[in-house]
Amino acid sequence: MKNQDDIVNGNMANTLEELKMLGKQMEHMRDEQQLEEHNRIPDPQQFDNEEKTEEK
């Protein structure tokens with residue numbers, strides 16, 4: 001396992017071990033409903049540029 005200082009965001013998993021570790025992290029992520037139950041705000045909804053301009 002890599003040292004916390006060696007981890008860089010935005011990179012793909014380079015090994016099968018890293019891929020498995022990321023999968024385990026994702027399994028434990030809470031969904032939007034679970035976040036709302038704990039008074040947490042989920043990530044903002046993202047739109048494609050086309051959808052964004054249609055709303056204006």
Side-chain angles (χ1 to χ4, degrees):
M1 192 163 154
K2 289 185 177 182
N3 184 347
Q4 188 71 20
D5 295 332
D6 295 336
I7 298 173
V8 179
N9 275 343
N11 289 345
M12 299 173 90
N14 293 319
T15 64
L16 184 58
E17 181 180 303
E18 287 179 349
L19 187 61
K20 288 179 181 179
M21 182 179 65
L22 290 171
K24 288 179 183 179
Q25 290 176 0
M26 290 180 70
E27 286 177 359
H28 297 290
M29 290 181 71
R30 293 181 280 186
D31 62 20
E32 187 173 340
Q33 183 179 5
Q34 291 170 323
L35 290 172
E36 288 175 357
E37 289 173 0
H38 296 277
N39 296 322
R40 300 286 181 136
I41 300 171
D43 286 338
Q45 188 173 5
Q46 298 181 14
F47 299 97
D48 291 334
N49 288 337
E50 293 174 9
E51 293 176 8
K52 203 173 190 180
T53 55
E54 289 176 8
E55 291 180 2
K56 288 184 179 179

Shortest non-hydrogen separation from Leu19 to Ala13 and the atoms involved: N-CB, 3.8 Å
Stepwise side-chain contact (heavy atoms from CB on, under 4.5 Å) check, Arg30 with His38: CA-CA 10 Å; Arg30 293 181 280 186; His38 296 277; 4.0 Å; yes
Sidechain-backbone polar pair: Glu36 side chain, Gln33 backbone, donor-acceptor under 3.5 Å: no
Value rounded to 0.5 Å, distance of CG in Leu35 from CE in Met29: 8.5 Å
Residue of the set Met21, Glu27, His28 for which side chain to side chain contact (heavy atoms under 4.5 Å, CB included) holds with Gln25: Met21
Any side-chain heavy-atom pair of Gln34 and Arg40 under 4.5 Å: no
